[in-house]
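Everything on this sheet refers to the single structure shown next.
Letters A, B, ... mirror the listed sequences (proteins, then strands); counts begin at 1.
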There are 2 protein chains.
Amino acid sequence: MSIQGAASKSEQAYAAIKDKILNGDYSPGYRLVLAKLADDLGFSVVPVREAIRRLEAESFVTFERNVGATVAGIDPTEYLYTMQTLSIVEGAATALAAPLIGAADIERARAINTRMRECLVDFDPVRFTELNAAFHSVLFESCPNPHILDLVHRGWNRLKALRSSTFSYVPGRARESVAEHEALLVLLENHAPADDVERAARAHRAATLEAYLAHSRHDAPASLAGLN
Amino acid sequence: MSIQGAASKSEQAYAAIKDKILNGDYSPGYRLVLAKLADDLGFSVVPVREAIRRLEAESFVTFERNVGATVAGIDPTEYLYTMQTLSIVEGAATALAAPLIGAADIERARAINTRMRECLVDFDPVRFTELNAAFHSVLFESCPNPHILDLVHRGWNRLKALRSSTFSYVPGRARESVAEHEALLVLLENHAPADDVERAARAHRAATLEAYLAHSRHDAPASLAGLN
DNA sequence: ACGTACGAAATCGTATACGATCAGTATGTG
DNA sequence: CACATACTGATCGTATACGATTTCGTACGT
């Protein structure tokens with residue numbers, strides 16, 4: 001008579017493990033042993049195995065035959081490639097969403113941006129990051145192409161996983177970011193051409209990436225140049 | 001002592017089923033029954049199940065809990081969304097690859113394009129389609145961002161699956177296509193700015209989509225407008 | 001002391017068995 | 001006759017068991 005959870009055990013396992021990775025409970029390099037996970041979760045190995053393979057497909061973990069799974073490492077270039085990919089798909093998503101974004105959406109986004117500005121003076125990087133995600137979500141969530149939307153979600157997820165270990169909040173950048181958000185909103189309000197919206201959205205993320213690179217003195221792979 | 005196949009059975013199953021879907025042996029709507037597949041392949045249900053879930057993740061099949069898997073339908077809008085997504089990621093991939101494309105690559109691509117022109121007079125749509133894939137492959141395969149490259153591959157795969165049932169070769173379009181290929185090669189030869197390459201590559205696919213729409217008299221979802 | 005061969009422990013890969021769930025059909029009731 | 005309900009067959013979901021593979025420590029020979 002108990003309320004049957006609609007989720008199968010493999011899905012529960014998937015969600016649980018993914019959560020722990022995103023929260024940083026399982027750090028990169030951590031070895032995920034099927035039997036142990038199954039024991040901890042109270043499930044059998046089969047659904048856990050399925051969950052692991054799914055996480056592998058989304059590259060949260062790496063998997064080696066007859067060896068097992070480990071939480072995916074944070075290769076710095078991985079972060080860069082993820083950002084670059086996200087800048088492209090998110091730019092497109094925002095451009096596609098633009099005609100469908102109404103005044104109410106813009107107002108909502110602007111309110112979020114205002115709160116971000118407050119975080120700036122209170123110096124609250126964590127909240128700032130959360131709000132930033134919310135802001136962009138308002139903009140691209142109306143994208144009518146489900147495939148692109150899916151790619152954007154994956155990108156953000158991946159980014160969150162990467163950041164959980166290397167949280168980087170570049171101080172000077174945050175202020176610029178808020179200003180760029182406002183500029184983006186103005187474009188949307190005025191129903192600017194899709195091309196312009198896309199360029200702006202893409203450049204916004206590219207600028208974040210540049211700031212990160214400059215701040216952490218990474219060498220950017222040459223491949224990152226030339227597309228923003 | 002037998003040479004152990006390096007591939008696990010789940011991978012073999014994955015490859016086999018995917019192949020049959022791409023070849024059209026399993027048409028859209030075909031019901032994939034675990035027990036039957038396992039029996040046919042000579043494996044047990046567990047690896048087959050894993051293969052199915054993987055195919056689901058790449059949306060070759062749809063899966064419903066306690067009901068089973070069916071080969072993904074060919075919702076016409078699905079084709080459109082796939083093409084649109086591909087135009088975006090392939091455009092980006094080509095632009096990123098541009099600086100790494102050497103004279104040899106261009107020559108190779110041009111040779112392929114020449115053979116495509118021959119297919120035009122011989123009227124050989126099947127071969128034309130194959131060569132077309134090879135042509136674009138030469139261009140984007142040098143893309144240094146592995147994530148984007150992966151997205152392009154997925155898009156082409158998905159397209160192939162969709163086309164296997166609705167093969168569409170728009171006669172007039174093929175000729176334009178060859179011309180656009182040549183134009184793209186000229187851009188690459190002259191080391192045109194990445195933006196221009198991206199725009200051209202994206203427009204090339206968008207034009208194919210437009211031609212398809214015009215030819216088959218589909219109603220384009222409004223969402224497709226404005227991004228090319 | 002070093003490299004190699006061997007063996008044990010750990011871990012994954014798959015087969016089989018059985019319980020759970022769903023769609024469709026037959027049956028009972030107003 | 002319409003509708004709700006119980007049954008049945010098909011199929012999936014998971015647990016358990018066992019074989020296959022890798023890894024790593026250890027003993028042995030040089």
Side-chain angles (χ1 to χ4, degrees), chain A residues 1-21 25-73, chain B residues 1-21 25-73:
Chain A
M1 194 62 81
S2 72
I3 298 170
Q4 257 307 22
S8 66
K9 299 198 178 179
S10 47
E11 284 166 52
Q12 288 176 250
Y14 168 79
I17 298 170
K18 182 170 161 185
D19 242 47
K20 294 204 176 184
I21 293 177
D25 296 352
Y26 294 155
S27 314
Y30 186 91
R31 191 127 179 247
L32 297 172
V33 178
L34 281 185
K36 185 171 179 340
L37 286 176
D39 206 52
D40 287 355
L41 295 169
F43 304 152
S44 165
V45 295
V46 178
V48 173
R49 175 186 166 84
E50 195 172 296
I52 294 284
R53 297 306 288 259
R54 244 176 98 185
L55 289 167
E56 184 206 9
E58 298 175 19
S59 66
F60 285 112
V61 307
T62 63
F63 195 83
E64 216 177 332
R65 179 181 162 84
N66 284 320
V67 173
T70 61
V71 176
Chain B
M1 194 63 81
S2 72
I3 298 172
Q4 256 308 22
S8 66
K9 299 196 178 179
S10 45
E11 284 167 54
Q12 289 177 250
Y14 168 79
I17 298 170
K18 182 171 160 184
D19 242 47
K20 294 204 175 182
I21 293 177
D25 296 352
Y26 295 155
S27 314
Y30 187 90
R31 193 120 181 250
L32 298 172
V33 178
L34 282 185
K36 185 171 180 338
L37 286 176
D39 205 53
D40 288 354
L41 295 168
F43 302 152
S44 165
V45 295
V46 179
V48 173
R49 175 187 165 83
E50 196 171 295
I52 294 285
R53 296 307 286 261
R54 245 174 99 185
L55 290 167
E56 184 206 10
E58 298 174 20
S59 66
F60 285 113
V61 307
T62 62
F63 195 83
E64 218 177 332
R65 181 180 161 81
N66 285 320
V67 173
T70 60
V71 176

- Of the residues in residues 46-57 of chain A, which ones touch DNA chain D at a heavy-atom distance under 4.0 Å?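 The stretch gives A/V46, A/P47 as the residues lying under 4.0 Å from the strand, ordered by number.
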- Message: Among residues 38-45 of chain A, which ones have heavy-atom contacts with DNA chain D below 4.0 Å?
- Response: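 Going residue by residue through residues 38-45 of chain A, the ones with a heavy atom under 4.0 Å of DNA chain D turn out to be A/F43, A/S44, A/V45.
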Could you list all N or O pairs between the protein and nucleotides 5-9 of chain C that sit under 3.5 Å apart?
none

Take atom [atom1] of [X] and atom [atom2] of [N], then tell me their distance rounded to the nearest Å.
{"X": "B/R65", "N": "D/dC12", "atom1": "CZ", "atom2": "C1'", "value": "9 Å"}
{"X": "B/L34", "N": "C/dA15", "atom1": "CG", "atom2": "P", "value": "13 Å"}
{"X": "A/L32", "N": "C/dA10", "atom1": "CG", "atom2": "C1'", "value": "16 Å"}
{"X": "B/E11", "N": "C/dG13", "atom1": "CD", "atom2": "P", "value": "9 Å"}
{"X": "A/F63", "N": "C/dT11", "atom1": "CZ", "atom2": "P", "value": "13 Å"}
{"X": "A/N66", "N": "D/dT22", "atom1": "CG", "atom2": "P", "value": "5 Å"}

- Could you pull out all residues at least two apart from B/Y26 that satisfy ring pair (Phe, Tyr, Trp, His ring centres under 6.0 Å)?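 Partners of B/Y26 by the ring pair (Phe, Tyr, Trp, His ring centres under 6.0 Å) criterion, ordered by chain and then number, come out as B/Y30.
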- Query: So do A/L55 and A/E50 actually touch side chain to side chain, heavy atoms under 4.5 Å?
  - Reply: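 No, every pair of side-chain atoms sits at 4.5 Å or beyond.
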Could you pull out the protein-nucleic contacts involving nucleotides 7-10 of chain D (nitrogen or oxygen on both sides, under 3.5 Å)?
none

Would you tell me if any nitrogen or oxygen in the side chain of [X] comes within less than 4.0 Å of OP1 or OP2 on [N]?
{"X": "B/K9", "N": "C/dA15", "answer": "yes"}
{"X": "B/S8", "N": "C/dC12", "answer": "no"}
{"X": "A/S10", "N": "D/dG13", "answer": "no"}

If every non-hydrogen atom of [X] is compared with every non-hydrogen atom of [Y], which pair is closest and at what distance?
{"X": "A/G73", "Y": "A/P28", "value": "CA-CB, 3.9 Å"}
{"X": "A/Q12", "Y": "A/A7", "value": "OE1-O, 3.5 Å"}
{"X": "A/S27", "Y": "A/V71", "value": "O-CB, 3.4 Å"}

- Message: Could you work out, with side chain to side chain contact (heavy atoms under 4.5 Å, CB included) as the rule, every residue matching B/D25, not counting sequence neighbours?
- Response: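 For B/D25 the side chain to side chain contact (heavy atoms under 4.5 Å, CB included) partners, ignoring immediate neighbours, are B/K20, B/N23.
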Return a table of donor-acceptor pairs under 3.5 angstrom between the side chains of residues 56-63 of chain A and protein atoms on other chains or two or more places apart.
residue	atom	partner	partner atom	Å
A/E56	OE1	A/R53	NE	3.3
A/E58	OE1	A/Y14	OH	3.0
A/E58	OE2	A/Y14	OH	3.0
A/S59	OG	A/R158	NE	3.4
A/T62	OG1	A/T70	OG1	3.0

Distance-only donor-acceptor hits, side chain of residues 32-47 of chain B, under 3.5 Å, sequence neighbours excluded:
residue	atom	partner	partner atom	Å
B/K36	NZ	B/D40	OD2	3.0

- Rounded to the nearest 0.5 Å, how far does OG of A/S10 lie from CZ of A/R49?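 Spacing of CZ (A/R49) from OG (A/S10) equals 13.0 Å.
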